[in-house]
J.: 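This structure is in structure tokens; I'll ask about it shortly.
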Amino acid sequence: MATKLPKTDIVLVGVGWVGGIIAAELTKKGYKVVGIERGKERSTEDYFMAHDELRYADRKEMMQDLSKETLTFRHNTTQRALPYREWGSFLIGEGTGGSGEHWNGQTFRFLPYDFEIYSETVKRYGKGKIPKGMMLQDWGITYKELEPYFDKFDAMTGIGGEPNPLPGSPQVKYPNPPMLETPVTALFKSATKDLGYHPYHMPSNNLTQPYTNPDGIARSACQYCGFCERFGCEYGAKASPVVTVLPVAKETGNFEVRPHCVVRKVLHTNGKATGVLYVDTRTGEEFIQEADVVVVSAYQMNNIKLLLNSQLGRPYDPVTGTGVIGRNYAYQTYLGTAVGFFDKDFNMYAGAGALGAQIDDFNGDFFDHTDLDFLHGATIHITQLGDRPIANNHVPPNVPSWGKEFKDASVQNANRALIIKAQGASLPWQDNYIDQDPTYKDAFGDPLLRMTFNWKDQDRQLMKFMGEKCAEIMKQMGAKEVKMTGDEIGDYDIRNYQSTHNTGGVIMGADPETSALNSYLQMWDCENVFVPGASAFAQNSGYNPTNTVGALAYRAAEGIEKYLKTGGSLV
Amino acid sequence: MSEQKKKAPYLDKRSSRRTFIKNSGLTVGGVVLGGALGSLLGKDSSETNETGVHSAAAGVNFNQALMYFDKAQFDTIDAATEQIFPKTEVGPGAKELLVAYYIDHQLAGSFGLNSREYMTGPFFPAEAVPQQGYQTHLNRQQVFNLGITALNTEAAKKSDEKPKFANLTEEQQIEILKDFEADKVKLSGAVSSSFFFTLLRKVTIEGVYADPMYGGNKDMAGWKMKNFPGHQTNYMNVLEKDEFVKIAPMSLNSQHQH
Ligand SMILES: Cc1cc2nc3c(=O)[nH]c(=O)nc-3n(C[C@H](O)[C@H](O)[C@H](O)COP(=O)(O)OP(=O)(O)OC[C@H]3O[C@@H](n4cnc5c(N)ncnc54)[C@H](O)[C@@H]3O)c2cc1C
Ligand code: SF4
């Protein structure tokens, strides 16, 4: 029998970026918040031995323990879904701060076009442009409405960046200057300018100078240590929940984190949640934490799992295209790239998680799609993250992947290979979705999620187009040899890391028939449950998700406060 | 150094690093610690002597002993990894870098036992498409056992003397590894030879370049060969430079011992 605990105002399922933002905002207002977190409580001291490529990048020290819980995967409904047994395509964090501890900090806002993609597409090209099975829909909120929340996230984290020079793109004033210009970013910028494009420095959440945010949190600048993505920052220079929002929440005295505790279910009766059921994994005991509001902030994938396991919201049916939980799962179409081999050495071992330059000329609807066989696009970037030796073994075309020739080429090119990548939008399809697996279970006996996902011609054509653009730029940069990818994309491969930019499954919108949440991230079917996260995205864009996730979290915090005062549906 | 000291004269260089690490995620109302500190600390650690895992007095590397493999298995992997990452004019190969010891040590622990992987059945290795990834019920220790046995079975076919893989010529060894890579060999278990080969290649590269505390990358020679500086605290002064900056590598030992 689960032990009932005294009721609190708000209970959070997961204490990552979303949980941290909600906790800070509502505890500042005097509400009591309890954060249930499956992992340990993290602090900057944990990162003292951070520069260990094997431990963090290969053995995934900071990620969820897959032996306890994973998901299953298949390309289509005729295949048998099988468990994602070892980490590959995407990585899910655990511990306070969530993936916000070991992200890169590449921080972009989605475009006005993204939030109204259906209307914009129909307006410019007509309904016929949307292929059969593509589930484009508007988000029920506009960029303009989200702008103040983006500003809040930017100020809280201290983004460093410069305005995007592309005509028609949103003009953002960042609180800090951009990251360093390096010979690599400079070369990319001059080549793309020569080609008539509009390069700019990637907006970065690796702090570019000492900064005190509006909450009074002071942090030091990024040291460009070269161990950022998948690693914690020992300087606290990378914006993360542990060094920004969580200390603010704690300072109020209204916040309690319960680490090592896994939520299994949101409990509810008559369309209202009463609290959550969780297990303390150290004692094995079950508890019920009652609350006025439940916030599901467990990362995109786990958000879907929690709702399905709680029987909250109508599960999505891919045959009829009806139902909402599990609908519009999308990813990042990120396989169009060009590797260039140069005659000179660059200082590629050095870098930071969000040090890079890019162009947005081929993202969104900034270019005409009339004669193209895909919608949306990609941003094209070069980065200098710090090339670490286990991961980076680039060899020119036709060199084998082991043996003498490989060894010599991979060593000689260690600091001579540059990569341009196209981060492409992934659009939703009727048969790309998430539901519960009928066979496999997690450590508590609850069903795993089942992902049914594959690339479509839309993705293949987009990646080919973008791969060619990457190669064009690389040649312009003066590479003596160029290896392009994107022209031979087969089936989605879960073995190789691509990005942790999973989106959809609990999407927001204006219509309860086709969305799970309203524009405050409040569930249509259960008014005191809020589900902020990339799971709310109706489709993915050509950008990393977290700036938009952060803005939605601020929006949800405002909604929760309203709800606690007035009750009822906010829309 | 002197300039950095001037910038932050109130800091005692030795004691500062930990304090800094502790405070860098400052809470409300804390002191701002700027970038200069980081460079100061960087300097601090680069002054520390590298000692490594060797016992200087005896000239013995106590790490060179086996936790998992038997001697014959070790010899097989020592030979196979040397073909994957051979000694050339560019630098040392897997043998010299002690890659087989690294693999042995990894297999002995959680990696070899797949303790952080989802290993719950049912398993359908035959039905799985490659893009679904790891689908055998075997853990990595077991995959290595099967792979090593098969390397030697293939080797025995090369002549009437039934040689071991480690005793074949370079060409013969490469030939067998290519067959493994191309899935031309059958292992006597629920795993393919190409799966074993991919795993073997992966751990070979790890052993060449992982921090020397794991037993490979002997004396950081893997890093030196690639001009990788290992653990450094700061590259602010390097990044804007047009010319290539060579930095002597540091291991995490320097971080721990400082
Ligand atoms: C390697 C890597 C690099 C990335 N780089 C970038 C980047 O450069 N730019 C960008 O925009 N985005 C990046 N991301 C994505 C970014 O980290 C996420 O978008 C962001 O962290 C999402 O916030 P969240 O709060 O939804 O989830 P998280 O921050 O992951 O937090 C979720 C928390 O919930 C906890 N939890 C889950 N299930 C349960 C449960 N049942 N009970 C209790 N607790 C639970 C988890 O342990 C975790 O702490 C990256 C991600 C990774 C992994
Ligand atoms: S690159 Fe900068 S932000 Fe990233 S971990 Fe290193 S010091 Fe921190």
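The figures that follow rest on heavy atoms only: side chains count, while hydrogens, waters and symmetry mates do not. On a predicted model such as this, the values are computed, not experimentally measured, just so you know. Convention: sequence-line order gives letters A, B, ...; per-chain numbering from 1.
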J.: If I measure from the heavy atoms of chain A, does B/Ile247 come under 4.5 Å with its side chain, its backbone, both, or neither?
T.: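 Contact with chain A involves the side chain of B/Ile247 alone.
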J.: Using a 4.5 angstrom heavy-atom cutoff, name the option from B/Ser110, B/Gly93, B/Gly207, B/Gly121 with the most pairs to chain A.
T.: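 Option with the top pair count is B/Gly121.
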J.: Below 4.5 Å from any heavy atom of chain B, which atoms of A/Glu405 appear? Answer side chain, backbone, both or neither.
T.: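 Neither part.
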J.: Can you tell which part of B/Lys87 gets under 4.5 Å to a heavy atom of chain A, answering side chain, backbone, both or neither?
T.: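 Just the backbone, heavy atoms under 4.5 Å.
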J.: Is there a side-chain contact between A/Thr439 and B/Pro122, using heavy atoms and a 4.5 Å cut-off?
T.: yes
J.: Which answer fits A/Glu181, side chain, backbone, both or neither, if we ask what part of it has an atom under 4.5 Å from a heavy atom of chain B?
T.: backbone
J.: Side chain from CB out, backbone as N, CA, C, O: work out which of these in B/Glu170 comes under 4.5 Å of a heavy atom of chain A, or both, or neither.
T.: side chain
J.: Between A/Glu86 and B/Arg140, does any side-chain N to carboxylate O distance fall below 4.0 Å?
T.: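 Salt bridge present between A/Glu86 and B/Arg140.
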J.: Heavy-atom pairs under 4.5 Å with chain A are the metric here; pick the option from B/Met119, B/His256, B/Glu181 that has the most.
T.: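 Answer, by heavy-atom pair count under 4.5 Å with chain A: B/Glu181.
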J.: Which answer fits B/Val129, side chain, backbone, both or neither, if we ask what part of it has an atom under 4.5 Å from a heavy atom of chain A?
T.: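 Only the side chain of B/Val129 comes within 4.5 Å of chain A.
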J.: Could you tell me which portion of A/Phe406 (side chain, backbone, both or neither) has an atom closer than 4.5 angstrom to a non-hydrogen atom of chain B?
T.: side chain
J.: Examine whether an atom of B/Glu243 lies under 4.5 Å from a heavy atom of chain A, and if so say whether it belongs to the side chain, the backbone or both; otherwise answer neither.
T.: backbone
J.: Could you check which of A/Ile390, A/Thr185, A/Asp387 has the highest count of heavy-atom pairs closer than 4.5 Å to chain B?
T.: A/Ile390
J.: Checking heavy atoms, do the side chain of A/Asp52, its backbone, both or neither come under 4.5 Å from chain B?
T.: both
J.: Any salt bridge between A/Arg59 and B/Glu206, counting N to O under 4.0 Å?
T.: yes
J.: Taking side chain as C-beta onward, heavy atoms only, is A/Ser410 less than 4.5 Å from A/Val395?
T.: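 When only atoms from C-beta onward are counted, A/Val395 and A/Ser410 do touch, with a gap below 4.5 Å.
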J.: Under a 4.5 Å heavy-atom cut-off, does chain A meet the side chain of B/Ser115, its backbone, both or neither?
T.: backbone
J.: Name the region of A/Ala443, side chain, backbone, both or neither, that has any atom closer than 4.5 Å to a heavy atom of chain B.
T.: neither
J.: Counting heavy-atom pairs closer than 4.5 Å to chain A, which one of B/Phe124, B/Phe85, B/Trp223, B/Phe123 comes out on top?
T.: B/Phe124
J.: Quick one: of B/Gln131, B/Lys241, B/Glu117, who has the most non-hydrogen atom pairs under 4.5 Å with chain A?
T.: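 The residue among B/Gln131, B/Lys241, B/Glu117 with the greatest pair count is B/Gln131.
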J.: Taking the side chain as everything from C-beta on, heavy atoms only, tell me whether B/Phe111 gets closer than 4.5 Å to A/Leu54.
T.: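 No - every pair of side-chain heavy atoms lies 4.5 Å or more apart.
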J.: Which atoms of A/Asn454 come close to chain B, meaning under 4.5 Å heavy atom to heavy atom: side chain ones, backbone ones, both, or neither?
T.: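 Neither part.
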J.: With a 3.5 Å cut-off and no angle check, do the side chains of B/Lys226 and A/Asn393 form a donor-acceptor pair?
T.: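 Yes, side-chain donor-acceptor contact under 3.5 Å.
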J.: Answer with yes or no whether the side chains of A/Thr452 and A/Arg74 bring together a donor and an acceptor at under 3.5 Å.
T.: yes
J.: Do B/Asp78 and B/Tyr101 have side chains that get closer than 4.5 Å, going by heavy atoms?
T.: no
J.: Using a cut-off of under 4.5 Å on heavy-atom pairs, state which of A/Asn347, A/Val411, A/Ile494 scores highest against chain B.
T.: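 Max contact count across the listed options: A/Asn347.
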J.: Side-chain contact test, heavy atoms from C-beta onward, threshold under 4.5 Å: evaluate it for A/Lys28 versus A/Asp215 and give yes or no.
T.: yes
J.: Hey, which of A/Ser401, A/Gly386, A/Ala50, A/Ala186 has the most heavy atom pairs under 4.5 Å with chain B?
T.: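 Between A/Ser401, A/Gly386, A/Ala50, A/Ala186, the count favours A/Ser401.
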J.: Shorter than 4.5 Å, heavy atoms on both sides: which option in B/Leu239, B/Asn227, B/Ile205 has the most such pairs with chain A?
T.: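 Going by pairs under 4.5 Å, I would pick B/Leu239.
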J.: Got A/Glu234 and A/Phe48 here, is their nearest side-chain heavy-atom distance under 4.5 Å?
T.: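 Heavy-atom side-chain distance check fails, nothing below 4.5 Å.
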J.: Quick check for you: among B/Val245, B/Asp211, B/Asp242, which has the greatest number of heavy-atom pairs under 4.5 Å with chain A?
T.: B/Val245
J.: Top residue by heavy-atom pair count (under 4.5 Å) with chain B, among A/Thr182, A/Thr72, A/Leu82?
T.: A/Leu82
J.: Heavy-atom pairs under 4.5 Å with chain B are the metric here; pick the option from A/Lys404, A/Lys344, A/His51, A/Arg80 that has the most.
T.: A/Arg80
J.: Need one label for B/Tyr214: side chain, backbone, both or neither, based on atoms under 4.5 Å from any heavy atom in chain A.
T.: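 For B/Tyr214, the side chain is the part near chain A, not the backbone.
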J.: Can you say whether A/Leu355 sits under 4.5 Å from chain B via the side chain, the backbone, both, or neither, judging by heavy atoms?
T.: side chain
J.: Do the two ring centres, one from A/Tyr84 and one from A/Trp87, sit under 6.0 Å apart?
T.: yes
J.: Does the A/Gln79 side chain pair with the main chain of A/His75, one donor and one acceptor, at a distance under 3.5 Å?
T.: yes
J.: Please classify the contact between A/Leu448 and chain B as side chain, backbone, both or neither, with a heavy-atom cut-off of under 4.5 Å.
T.: side chain
J.: In terms of heavy-atom pairs under 4.5 Å with chain B, which of A/Tyr440, A/Phe346, A/Phe73 leads?
T.: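 With the most close heavy-atom pairs to chain B, the winner is A/Tyr440.
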J.: Is a donor from one side chain sitting under 3.5 angstrom from an acceptor on the other, for A/Glu41 and A/Thr96?
T.: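 Per modelled atom types, A/Glu41 and A/Thr96 side chains form no pair under 3.5 Å.
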J.: Quick one: what part of B/Glu82 sits under 4.5 Å from any heavy atom of chain A, side chain, backbone, both or neither?
T.: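 Nothing of B/Glu82, per the 4.5 Å heavy-atom cut-off to chain A.
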J.: Is the ring centre of A/Tyr235 less than 6.0 Å from the ring centre of A/Tyr47?
T.: no
J.: Looking just at side-chain N and O atoms, do B/Asn253 and B/Ser251 make a donor-acceptor pair shorter than 3.5 Å?
T.: no
J.: Any side-chain heavy-atom pair from B/Phe196 and B/Val191 closer than 4.5 angstrom?
T.: no
J.: Are side-chain heavy atoms of A/Phe231 and A/Cys225 found at a separation under 4.5 Å?
T.: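 In short, these two side chains do not touch, never coming nearer than 4.5 Å.
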J.: Identify which part of A/Gln209 has an atom lying under 4.5 Å from any heavy atom of chain B, answering side chain, backbone, both or neither.
T.: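 For A/Gln209, neither part sits under 4.5 Å from chain B.
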J.: What part of B/Arg116 gets closer than 4.5 Å to chain A, counting heavy atoms only: side chain, backbone, both or neither?
T.: both
